[in-house]
There are 2 protein chains.
Amino acid sequence: MSQAVRHDAMRARNLALVLGEVGARGAVTRAALAEITGLTKTTVSKLVGDLIEGGLVVETGAVRDGERGRPGVEIRISGRHVAALGLEVNVDYLAVCVVDLARTVRLRRTQAVDNRAALPVDSIARLGDLAANVVDEAVEKGLRVVGGVLAVPGPVDRATGDVRNAPNLGWRDVPLASLLQHFPFPVRVENEANLAALGELWFGSGLPDFLHVSGEIGIGAGLVVRGRLFRGAHGFAGELGHVVVAPDGPQCRCGGRGCLEQYAGQDALLAAAGGVRGQLGVAQVAQRLREGDERARAACERAAWALGVALSSAINLVDPGAIVLGGIYAPLFRWIGDVVGDTLRARLGQMRGTVPPVIVSRLGAEAAALGAAGQVIEQVMADPAALLHT
Amino acid sequence: MSQAVRHDAMRARNLALVLGEVGARGAVTRAALAEITGLTKTTVSKLVGDLIEGGLVVETGAVRDGERGRPGVEIRISGRHVAALGLEVNVDYLAVCVVDLARTVRLRRTQAVDNRAALPVDSIARLGDLAANVVDEAVEKGLRVVGGVLAVPGPVDRATGDVRNAPNLGWRDVPLASLLQHFPFPVRVENEANLAALGELWFGSGLPDFLHVSGEIGIGAGLVVRGRLFRGAHGFAGELGHVVVAPDGPQCRCGGRGCLEQYAGQDALLAAAGGVRGQLGVAQVAQRLREGDERARAACERAAWALGVALSSAINLVDPGAIVLGGIYAPLFRWIGDVVGDTLRARLGQMRGTVPPVIVSRLGAEAAALGAAGQVIEQVMADPAALLHT
DNA sequence: ATATTTAGTCCACAACATAGACTAATTCGG
DNA sequence: CCGAATTAGTCTATGTTGTGGACTAAATAT
């Protein structure tokens, strides 16, 4: 429910408006901000003054624009004070990163760990150490880490931040919220596929509308519409892996049959490409593809066709502006992109004038950790007043 | 992009907040409104004063609540002044209705017309006459019609309000916007499936989260999340009819194969139920079902199974709070509801604790016209200041 | 060197919400 | 039946914030 608007809320919104415009345009003078926002020069000056005082933006030197008249002073987002922590637990690695308010990645660490074999508590403790290190380094650089988000591969209870069941990780009822309380700033928990999509939004293509597909053991999707993540009624939207490809297809672990995961999930793809299960990684498949291995090629084609079928359902339902393939699909894009695109055109081309373009994510495995940190930054950008008054 | 907030915007938002609370609770005193909204009694009194002056709310007599202290005066939405026009063109009928601000349906008219056989201009002219009549009647009742929305079965260009292609009606490039200009209030155009979903939201079950399925010749779906319609990047979301049920199934008019429409669309269902095409209506099939006709039963079962398969994909993707079956599925619900539910439970039950309930729409064919009028009402509720200042 | 132009600041003012005093209308207790 | 207590609603002084126009600052054009 919306809240009452008082003078402080008015100010908070206008601060966010100005900060947002500065972020969107990179560098703007106060005069230009007044023009853009419709606020008066007076108001913009006062707002910018507050933002400068809070360390969120900085004045850069005067502009020599060659026009006549007094040159304006450009304002830009300051990356020197406020920063955010991104954390990720995945099946076979831990990752942390620190991102500043200008969305520059200042620090990152990755550690290869088999988190399926470890206890959740130990994985989290290890991640905590890793995070403590980068936070210390960030503090040395003069940064103030104002919050963190942890990406986990599985559904997260939005209310408590706990994980009820993350099958890929072997986690059940892990009280994450309480394990993350020792940080000197709030840390929230969020689904990895959602955060990967947001990572793509803030650090990748820059498109405002897309469906990001995270190919891992499961296949998650994050839908971004007008720069906002779509979550559904309970926060479980985006389970692309269990969209039906063929209703009488192979039995899936979810209880259904013929789910996408059985055709294009990591396990199915590797099994089809290489024979002995567990012996082959995605990198090796890519290598074999480069060498022209026929079996690997056929496996990719089948997976890509299935992905195309599932995506055609997804496009009909949610009308995304583009399809971004990430996770294991990123290194395999050369061999699956076209088949996916052709399948979409065959199934959708007649109905819709244009089929959403299928593009590859440029972020790789970092996407989720970046999205996690980015979400904190986004929160600051959306409500800078909350930070200024503390 | 968000806009600058000035004093007038602050006031506008608080007016909307108060009006919204009055709408949500039916009847509230100023004191209760102050408590609920967090605004002071002074402010609430002033806001309510403005709303009364504008005819949007009325004071009803003092409350005798038995408590001690001065009794409050209850405020409720006034249905006596502001009203909205809902219009619908469908394949075989035209419909108009007038709804007041209290969301009471004040007038409705339906006319059976074969709009596929008629020229678009003639259909619209006929609809215009029908609308002019009810608007006159509304004016006689002291109502002020402040806007209208027209529901059409097909994708609508959100920018212009024109219809590029509505295959079920046989419309191509109909400049609806210009045909609707003669009304003394603005009339927008919107997709019929979306409006039917909104009709369900405002005049039906009252649920805030659901996917409404409009079974007609095509199968449209409207997704409502937290009381808001999800439209997708271009406004074409909800094409449930072309979600894949079986990738090698029957050829569909969209170019794909095995789309839901080929199993559960009106034509497919009637053909499977009755043999000779075009000879049978949904009402007759329902009659045969009541008589225990085996062929009709089998047709429904097949359609329901396919609907379940497509909906399981939809639920995985968009995570709706419930499934509401409308259009032709409403009269057939007795014979399809259980199969749909069973299919969903079989495909989703293991993954999700609970499967969204499958319920029937209570609105029938009026859903879209009601949703159309409701959308205007909703606009007034969301920004009453726009109406007060004119 | 002076006029012109544009950027940014200053100040009086207006709009709106707040806080608390005040009035109004009811119930409770004697 | 009357006064105390209680709750609803109004009135007034005050504070915060944005506006608009005057003013100062710093550049280019002539």
Side-chain angles (χ1 to χ4, degrees), chain A residues 2-18 21-22 27-53 57-76 384-385 388-389, chain B residues 2-18 21-22 27-53 57-76 384-385 388-389:
Chain A
S2 63
Q3 276 297 300
V5 179
R6 271 160 277 231
H7 293 109
D8 57 339
M10 173 161 74
R11 183 132 247 259
R13 251 188 89 92
N14 287 337
L15 276 168
L17 179 66
V18 167
E21 283 310 328
V22 173
V28 228
T29 63
R30 288 171 238 255
L33 282 169
E35 180 96 12
I36 293 161
T37 60
L39 294 163
T40 59
K41 290 189 294 176
T42 310
T43 306
V44 169
S45 274
K46 275 191 275 188
L47 293 168
V48 167
D50 281 9
L51 292 172
I52 289 175
E53 203 181 331
V57 303
V58 280
E59 279 185 338
T60 58
V63 178
R64 286 283 152 91
D65 55 1
E67 301 277 310
R68 73 197 211 160
R70 171 178 167 179
V73 178
E74 289 200 318
I75 311 296
R76 57 179 74 225
L388 296 182
H389 294 158
Chain B
S2 63
Q3 275 298 301
V5 179
R6 270 160 278 229
H7 294 111
D8 57 337
M10 174 161 73
R11 181 135 251 259
R13 250 186 87 93
N14 287 337
L15 276 169
L17 180 65
V18 167
E21 263 345 298
V22 173
V28 229
T29 64
R30 288 170 239 254
L33 282 168
E35 179 96 11
I36 294 161
T37 60
L39 294 163
T40 59
K41 290 188 295 175
T42 310
T43 306
V44 168
S45 273
K46 274 192 277 189
L47 293 168
V48 167
D50 281 10
L51 291 172
I52 289 175
E53 204 181 330
V57 301
V58 279
E59 280 185 338
T60 57
V63 180
R64 287 281 151 94
D65 54 1
E67 301 275 310
R68 74 202 212 156
R70 172 178 167 179
V73 178
E74 290 201 316
I75 310 296
R76 58 181 73 228
L388 296 182
H389 295 156

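Excluded from the calculations below are hydrogen atoms, water molecules and symmetry mates; all remaining heavy atoms, backbone and side chain alike, are included. Proteins get letters first, then strands, A, B, ... in listed order; numbering begins at 1 in each.
Taking atom CG of A/L39 as the reference point, atom P of C/dG8 lies 15 Å away to the nearest angstrom. In this entry the distance linking CG of B/D50 with C1' of C/dA15 reads 13 Å, nearest Å. Rounding to whole angstrom units, CD of residue A/Q3 and P of C/dA17 are separated by 15 Å. For the pair A/L33 CG and C/dT6 P, the computed distance is 18 Å after rounding to whole Å. Here the C1' atom of nucleotide C/dA15 and the CG atom of B/L47 are 13 Å apart, to the nearest Å. Note: CZ (A/R11) to C1' (D/dT17) measures 7 Å, nearest angstrom. Atom CD1 of A/I52 is separated from atom P of C/dG8 by 10 Å (rounded to the nearest Å).
Between the side chain of B/T43 and the backbone N or O of B/L39 there is no donor-acceptor pair closer than 3.5 Å. In terms of modelled atom types and a separation under 3.5 Å, the side chain of B/T60 and the main chain of B/E74 share a donor-acceptor contact.
Between D/dG18, D/dG9, C/dT27, one nucleotide has an atom nearer to the side chain of A/M10 than all others, and that is D/dG18. Distance from the side chain of B/K46 is smallest to C/dA17 among C/dT4, C/dA17, C/dT26. Distance from the side chain of A/R68 is smallest to C/dT4 among C/dT26, D/dG9, C/dT4.
Atom CD of B/E35 sits about 12.0 Å away from atom CD of B/E21, to the nearest 0.5 Å. Expressed to the nearest 0.5 Å, how far NZ of A/K46 lies from CG of A/N14 amounts to 11.0 Å. To the nearest 0.5 angstrom, B/I36 atom CD1 is 9.5 Å from B/L17 atom CG.
Checking A/G69 against A/T29, the closest nucleotide of DNA chain C that is more toward the 5' end is the one next to A/G69. Of the residues near DNA chain C, B/D8 and A/K41, the one whose nearest nucleotide (by heavy atom distance) lies more toward the 5' end is A/K41. With the nearest nucleotide of DNA chain D identified for both A/H7 and A/T40, A/H7 has the one nearer the 5' end.
Of the side-chain N and O atoms in A/N14, none sit less than 4.0 angstrom from OP1 or OP2 of D/dT17. OP1 and OP2 of D/dT17 both lie 4.0 Å or more from every side-chain N or O belonging to B/R6.
The minimum heavy-atom distance linking B/D50 with B/L388 is given by the pair O-CD2, 3.9 Å. The minimum heavy-atom distance linking A/V5 with B/M10 is given by the pair O-CG, 3.5 Å.
Using a 4.5 Å heavy-atom threshold, the side chains of A/L33 and A/V44 count as touching.
No donor-acceptor contact under 3.5 Å links the side chain of B/T43 to the base of C/dC16. Residue side chain B/T42 reaches the base of C/dA19 through a donor-acceptor N/O pair under 3.5 Å, judged by distance alone. At a cut-off of 3.5 angstrom, counting only N and O atoms as typed in the model, there is a donor on one side and an acceptor on the other between the side-chain of B/R70 and the base of D/dA8.
Nucleic acid contact for B/V73: sugar-phosphate only, since backbone atoms but no base atoms lie under 4.0 Å from a heavy atom of the residue.
Defining each end axis of the helix from C/dA1-D/dT30 to C/dG30-D/dC1 as the rotation carrying four pairs' C1' atoms onto the next four, with five pairs an end, the two axes are found to diverge by 10° to 10 degrees.
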